[in-house]
Amino acid sequence: MALKSLTSKLCRISRIIPSRLFHDEFSSPSPLSKKPNTQDSSSVPAAGSIANKYQVFRDVDAAVILDVEEERQMHRQLQDEIDVQENKEHNTLPNIYNGINLQRGKTGVYDIEDLITVLRLNNAEDIFVCAVPKEIKYVDFMCIVTGMSFRHMRGIAEFVRKVYKMKKGALDIIPKIEGENSREWMALDLGNIALHIFTDTAREQYDLESLWAVGARYDRECNKPAEELVELFERHSVYLNDLKPLSKENFVEKT
């Protein structure tokens with residue numbers, strides 16, 4: 001009876017637990033053998049459509065990279081323009097502009113009288129002005145001043161340039177300060193006026209007053225004695241000027 005009851009229990013258990021055979025280990029597919037899901041060939045983009053995903057860069061579209069000095073200069077220009085615009089909107093100007101004509105001149109952005117006023121307000125020393133002959137077609141006036149120090153020279157140049165921006169028209173080009181970092185000389189081309197700012201020593205050395213006022217023949221730099229080698233070369237070059245090329249007829253007769 002006990003054996004019969006044990007057999008009946010095993011039969012009941014076999015109905016609940018599904019039977020698993022030995023060959024099932026090898027008949028079921030391996031996880032590694034499963035093929036990955038592949039896209040339909042119709043969903044693969046064409047070669048031409050791939051190029052549309054990338055942007056084509058050209059040199060003309062590239063951004064301009066400025067160096068440190070150019071960025072500083074651009075920042076100063078923008079700040080000056082902002083200050084001028086704010087002053088125009090509020091109709092107020094600092095006291096440093098008192099007595100300065102901020103309207104554009106008749107002969108240029110600066111009339112020579114307005115420039116002299118600006119230079120005197122900045123304590124420029126020994127102001128010299130001469131008219132440049134029209135046949136030279138350079139500028140109308142040459143203005144030369146002396147600065148007491150590098151800081152004074154830089155201040156004169158920057159203030160003249162700042163007032164220029166306030167006076168200029170839409171088509172006038174803002175001048176660049178030449179020799180901005182020089183300790184001896186700075187210059188601005190104001191269109192109708194060339195402004196030179198020297199130290200006392202450099203002004204005496206270059207002596208532009210003599211060069212532009214009385215001409216190069218009276219300038220001591222142009223008329224200083226030449227070196228011996230230069231004089232020797234010039235002496236022989238005179239003899240070479242007298243030589244003439246041999247004509248074809250004379251050459252045939254001699255041969």
Side-chain angles (χ1 to χ4, degrees), residues 64-87 93-102 105 108-132 138-168 172-214 216 219-222 224:
V64 179
I65 301 176
L66 305 177
D67 57 20
V68 177
E69 189 60 31
E70 289 174 338
E71 286 184 355
R72 290 177 180 172
Q73 185 175 357
M74 181 177 293
H75 179 72
R76 287 197 296 267
Q77 292 179 1
L78 293 174
Q79 188 61 43
D80 291 342
E81 292 176 1
I82 292 173
D83 294 341
V84 172
Q85 189 64 29
E86 290 179 352
N87 291 331
L93 288 172
N95 294 330
I96 57 175
Y97 297 106
N98 289 343
I100 299 176
N101 180 17
L102 297 179
V109 176
Y110 273 105
D111 286 330
I112 188 62
E113 297 82 7
D114 297 335
L115 179 61
I116 292 174
T117 300
V118 172
L119 295 172
R120 285 176 175 170
L121 290 174
N122 283 268
N123 298 321
E125 297 183 340
D126 300 330
I127 300 174
F128 169 84
V129 176
C130 70
V132 178
Y138 177 45
V139 290
D140 296 333
F141 295 97
M142 177 77 62
C143 184
I144 304 171
V145 299
T146 300
M148 294 179 287
S149 63
F150 169 75
R151 186 174 181 180
H152 186 209
M153 293 167 56
R154 183 73 174 267
I156 293 174
E158 290 182 349
F159 190 77
V160 169
R161 188 168 177 269
K162 184 177 293 186
V163 174
Y164 183 101
K165 292 180 181 180
M166 302 177 70
K167 292 168 65 67
K168 78 179 190 71
D172 295 315
I173 300 174
I174 300 175
K176 179 183 177 182
I177 301 176
E178 301 292 341
E180 188 174 6
N181 297 319
S182 173
R183 297 279 175 174
E184 296 183 346
W185 167 83
M186 296 181 189
L188 288 94
D189 184 359
L190 303 175
N192 60 328
I193 306 171
L195 173 63
H196 294 268
I197 307 170
F198 283 103
T199 61
D200 191 29
T201 304
R203 182 171 179 176
E204 183 179 357
Q205 177 182 355
Y206 291 101
D207 194 17
L208 291 184
E209 291 92 331
S210 298
L211 181 63
W212 287 99
V214 297
D219 183 61
R220 58 176 178 267
E221 289 293 325
C222 296
K224 66 181 181 180

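One is the number of the first residue; the rest follow in order along the sequence.
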*Asks:* Enter the distance from Phe128:CZ to Leu208:CG here, rounded to the nearest 0.5 Å.
*Replies:* 9.0 Å
*Asks:* Is there side-chain contact between Glu209 and Arg203, with at least one heavy-atom pair below 4.5 Å?
*Replies:* yes
*Asks:* With the side chain counted from C-beta on, respond yes when Arg183 and Thr199 share a heavy-atom pair under 4.5 Å apart, and no when they do not.
*Replies:* no
*Asks:* Report the residues that fulfil ring-ring contact (aromatic ring centres under 6.0 Å, His included) with Phe159, sequence neighbours left out, ordered by chain and then residue number.
*Replies:* Tyr97
*Asks:* Side-chain contact, heavy-atom cut-off 4.5 Å: Glu180 with Arg154?
*Replies:* yes
*Asks:* Does any part of the side chain of Glu113, heavy atoms only, come nearer than 4.5 Å to the side chain of Thr117, both counted from C-beta?
*Replies:* no
*Asks:* Residues in ring-ring contact (aromatic ring centres under 6.0 Å, His included) with Phe150, at least two apart?
*Replies:* none
*Asks:* Under the side-chain contact (heavy atoms from CB on, under 4.5 Å) rule, what do Ile177 and Leu188 come out as? Steps first, then yes or no, please.
*Replies:* CA-CA 5 Å; Ile177 301 176; Leu188 288 94; 4.1 Å; yes
*Asks:* Could you measure the distance from the CZ atom of Arg161 to the CD1 atom of Ile156? Nearest 0.5 Å is fine.
*Replies:* 16.0 Å
*Asks:* Return the minimal non-hydrogen interatomic distance between Trp185 and Glu178, and the atom names on each side.
*Replies:* CH2-CB, 4.0 Å
*Asks:* Is the backbone N or O of Asn101 less than 3.5 Å from a side-chain atom of Lys167, with the two atoms forming a donor-acceptor pair by type?
*Replies:* yes
*Asks:* What's the separation between atom OH in Tyr110 and atom CG in Leu190, rounded to the nearest 0.5 Å?
*Replies:* 7.0 Å
*Asks:* Okay, side chain of His152, backbone of Asn122: is any donor-acceptor separation there less than 3.5 Å?
*Replies:* yes
*Asks:* Under the salt bridge (charged side-chain N to carboxylate O under 4.0 Å, His left out) rule, collect the residues that match up with Lys168, sequence neighbours excluded.
*Replies:* none
*Asks:* Taking the side chain as every heavy atom from C-beta outward, state whether Cys143 and Leu119 have any pair of such atoms under 4.5 Å apart.
*Replies:* yes
*Asks:* When you compare the side chain of Val139 with that of Ile193, does any pair of heavy atoms fall below 4.5 Å?
*Replies:* no
*Asks:* Quick one: closest heavy-atom pair of Tyr138 and Ala194, and the distance?
*Replies:* OH-CB, 4.0 Å
*Asks:* Which heavy atom of Ile144 sits nearest a heavy atom of Phe198, and at what distance?
*Replies:* CG2-CD1, 3.8 Å
*Asks:* Suppose we screen for side-chain hydrogen bond (donor to acceptor under 3.5 Å, both in side chains). Which residues come up paired with Glu125, at least two apart in sequence or across chains?
*Replies:* none
*Asks:* So which heavy atom on Val145 is nearest to which on Ala124, and how close?
*Replies:* CB-CB, 4.0 Å
*Asks:* Is any side-chain heavy atom of Asp114 closer than 4.5 Å to a side-chain heavy atom of Val163?
*Replies:* no
*Asks:* Could I get the full list of side-chain hydrogen bond (donor to acceptor under 3.5 Å, both in side chains) partners for Asn192, not counting sequence neighbours?
*Replies:* Thr107
*Asks:* Nearest heavy-atom pair of Met186 and Gly179: which atoms, and what distance?
*Replies:* CG-O, 3.2 Å
*Asks:* Which residues satisfy the side-chain hydrogen bond (donor to acceptor under 3.5 Å, both in side chains) test with Asp126, sequence neighbours excluded?
*Replies:* none
*Asks:* Could you tell me which non-hydrogen atom of Met148 sits nearest to which non-hydrogen atom of Asn123, and how far apart they are?
*Replies:* CE-O, 4.4 Å
*Asks:* Indicate yes or no: at least one non-hydrogen side-chain atom of Arg120 is less than 4.5 angstrom from one of Ile116.
*Replies:* yes
*Asks:* Report the distance from atom CG of Asp189 to atom CG of Leu195, rounding to the nearest 0.5 Å.
*Replies:* 10.0 Å
